[in-house]
Number of protein chains: 2
Amino acid sequence: MVFTLSVEKGRTAMSTAQETPGGEMQPWAEVTPDAARRLLIAAVEAFAERGYHATTTRDIAGRAGMSPAALYIHYKTKEELLHRISRIGHDKALDIVRTAADAGGTPAERLSDAVRSFVRWHAGQHTTARVVQYELEALGPEARAEIIALRRQVDAEVRRIIQDGVATGEFDVPDVPGTTLAVLSLCIDVARWFNVDGPRTPDEVGALYADLVRRMVGFKG
Amino acid sequence: MVFTLSVEKGRTAMSTAQETPGGEMQPWAEVTPDAARRLLIAAVEAFAERGYHATTTRDIAGRAGMSPAALYIHYKTKEELLHRISRIGHDKALDIVRTAADAGGTPAERLSDAVRSFVRWHAGQHTTARVVQYELEALGPEARAEIIALRRQVDAEVRRIIQDGVATGEFDVPDVPGTTLAVLSLCIDVARWFNVDGPRTPDEVGALYADLVRRMVGFKG
DNA sequence: CCTGAACCTGAGCGGGCGCTTAGCGTCGAT
DNA sequence: ATCGACGCTAAGCGCCCGCTCAGGTTCAGG
């Protein structure tokens with residue numbers, strides 16, 4: 001009678017729906033079957049709390065309500081879990097930035113949108129983001145190389161927006177690569193310090209950071 | 001004939017001098033005796049490369065040219081090593097910010113100086129800074145509380161400068177605590193991405209970041 | 001019913017972990 | 001010359017790690 005387990009963790013139990021009532025995309029909906037998804041979510045939580053190396057496979061399996069051996073039916077190693085998490089998270093991050101970069105509007109609008117949504121994700125999904133952004137070095141060489149390539153694409157998208165703004169004269173940026181790096185660094189580090197019990201909502205942090213970045217690129221609006 | 005070992009690692013072998021030829025303060029000079037310092041430096045390097053949890057006491061002792069047991073003559077546990085590193089590093093960071101904050105000059109000058117030297121330290125000593133800033137969660141509750149108190153003091157110093165600038169009308173900052181947080185987050189994250197083989201020197205990053213922060217606080221210079 | 005496939009568990013292997021202990025060599029002080 | 005203090009090592013203890021494997025349960029198709 002283990003069957004009721006798939007409903008026990010109600011937060012992630014909706015089997016095919018990808019949208020919450022709030023309209024936010026349900027994360028990890030692409031991970032199937034259900035048991036694999038529950039293990040992956042358990043791993044995200046454990047990795048975010050304790051770090052990859054300090055997390056045991058027994059802990060992950062326990063959080064998912066399974067025995068330690070069950071993990072190895074769905075994933076070959078503990079590292080594969082991290083790889084899958086990192087890959088999905090970086091895909092999402094790239095998607096967020098690319099959507100904003102490809103949208104219409106002035107460079108200032110596109111940059112603000114990109115920063116706002118990128119920061120909102122790092123704050124709202126800070127558990128995932130923490131793993132995605134800070135546990136990179138635990139991956140093996142090949143997996144790490146794959147992830148680094150995705151990060152370079154994120155960097156390229158942001159640099160593109162800033163370059164557009166410089167070209168139109170909207171922005172005043174002496175060092176485009178350096179400023180791009182700083183903007184991304186600023187946004188990513190939100191995942192490290194953001195606290196759900198803190199005074200700011202993800203929306204508020206997104207708005208604040210969009211304004212700060214607007215200033216960094218010398219936009220006079 | 002182990003005595004020559006103290007000269008083997010020439011970079012840190014000057015026994016009492018605290019200044020390098022370049023005038024930069026020699027880190028870890030306060031740690032004595034020599035064997036304890038060598039172990040601590042080895043730990044910093046290992047923690048920075050692999051992370052606290054992935055580093056073994058055997059690795060630390062090996063890097064210092066000693067047997068695993070030697071570590072426990074100078075430090076009670078592996079965690080005490082991290083604690084000492086974190087404590088000394090945070091003391092140094094606080095000292096850097098406080099020196100700039102207490103110096104004479106306009107708020108803009110003091111903020112630029114603080115950011116420049118703070119960033120220069122995070123870039124130049126990025127090995128240490130990485131451990132200091134990113135391995136905090138590996139500490140036990142009491143040690144962590146002590147370190148967090150130091151971080152709050154750093155935050156208070158930066159906030160003070162920004163508040164001064166707002167008071168004199170030099171700065172235009174709608175959200176002082178939020179901007180303070182962002183400035184510090186930006187500087188700290190340098191330790192994560194800075195690469196010695198990269199295109200920028202610590203001085204250059206410091207100058208770039210001082211300029212970016214000047215923009216963030218709305219200083220029209 | 002039977003069967004094969006899918007999924008999961010209990011038990012446990014080999015190994016490396018943090019840390020301890022008994023004892024050795026080298027000192028300065030007597 | 002002797003001695004305790006100090007710094008260190010070789011050996012290893014007990015534990016828990018990532019991971020495996022034989023076997024049990026469930027379920028759809030025939």
Side-chain angles (χ1 to χ4, degrees), chain A residues 1-9 12-13 15 31-43 46-47 49-85 131 135 137-140 143, chain B residues 1-9 13 15 31-43 46-47 49-85 135 137-140 143:
Chain A
M1 282 302 152
V2 185
F3 221 61
T4 51
L5 267 178
S6 64
V7 191
E8 238 175 34
K9 292 218 159 187
T12 57
S15 59
V31 181
T32 54
D34 194 75
R37 179 168 52 247
R38 275 188 293 131
L39 282 164
L40 190 132
I41 290 167
F47 291 164
E49 274 177 32
R50 304 224 238 276
Y52 174 79
H53 288 295
T55 299
T56 68
T57 54
R58 286 163 173 82
D59 182 23
I60 297 169
R63 285 175 192 243
M66 299 178 198
S67 81
L71 195 152
Y72 293 90
I73 294 161
H74 301 282
Y75 303 95
K76 232 174 63 187
T77 62
K78 177 181 157 189
E79 194 198 315
E80 193 196 319
L81 258 171
L82 177 62
H83 183 197
R84 292 273 274 265
I85 292 167
V131 178
E135 301 290 344
E137 303 207 340
L139 289 172
Chain B
M1 280 305 150
V2 185
F3 224 62
T4 51
L5 267 177
S6 63
V7 190
E8 237 175 36
K9 292 216 158 186
S15 60
V31 181
T32 53
D34 194 75
R37 178 168 54 247
R38 267 160 43 221
L39 282 164
L40 189 131
I41 291 168
F47 290 164
E49 274 177 33
R50 305 225 239 276
Y52 174 79
H53 288 294
T55 299
T56 69
T57 54
R58 286 163 174 83
D59 182 23
I60 296 169
R63 285 175 192 245
M66 299 179 198
S67 81
L71 195 151
Y72 293 90
I73 293 160
H74 300 283
Y75 302 95
K76 234 174 61 187
T77 62
K78 176 181 158 188
E79 195 199 315
E80 192 195 319
L81 258 172
L82 177 61
H83 182 198
R84 291 272 273 264
I85 292 166
E135 301 290 345
E137 302 208 341
L139 289 172

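Labels below follow one simple rule: chain letters A, B, ... track the order of the sequence lines, proteins then strands, and each chain is numbered from 1.
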Could you give the [atom1]-to-[atom2] distance, from [X] to [N], as a whole number of Å?
X     : N      : atom1 : atom2 : result
A:L82 : D:dG18 : CG    : C1'   : 15 Å
A:M66 : D:dG24 : CE    : C1'   : 17 Å
B:Y75 : C:dT20 : OH    : P     : 16 Å
B:R58 : C:dG16 : CZ    : C1'   : 7 Å
A:H53 : C:dG16 : NE2   : P     : 16 Å
A:I60 : D:dG18 : CD1   : C1'   : 11 Å
B:D59 : C:dG18 : CG    : P     : 10 Å

Would you say a side-chain N or O of A:Y72 is under 4.0 Å from OP1 or OP2 of D:dT20? no
Strictly below 4.0 Å: does B:H74 bring a side-chain N or O up to OP1 or OP2 of D:dC8? yes
Indicate, with a heavy-atom threshold strictly under 4.0 Å, whether B:T56 touches base, sugar-phosphate, or nothing. sugar-phosphate
Any donor-acceptor N/O pair, A:Y52 side chain to A:E79 backbone, under 3.5 Å: yes
Between D:dC19, C:dG10, D:dT9, which one does the side chain of B:I73 approach most closely? D:dT9
A:T57 side chain: which of D:dC19, D:dG7, C:dC19 is closest? D:dC19
So if I apply the salt bridge (Lys or Arg N to Asp or Glu O under 4.0 Å) rule between A:E80 and each of A:K76, A:K78, A:R84, which one comes out positive? A:R84
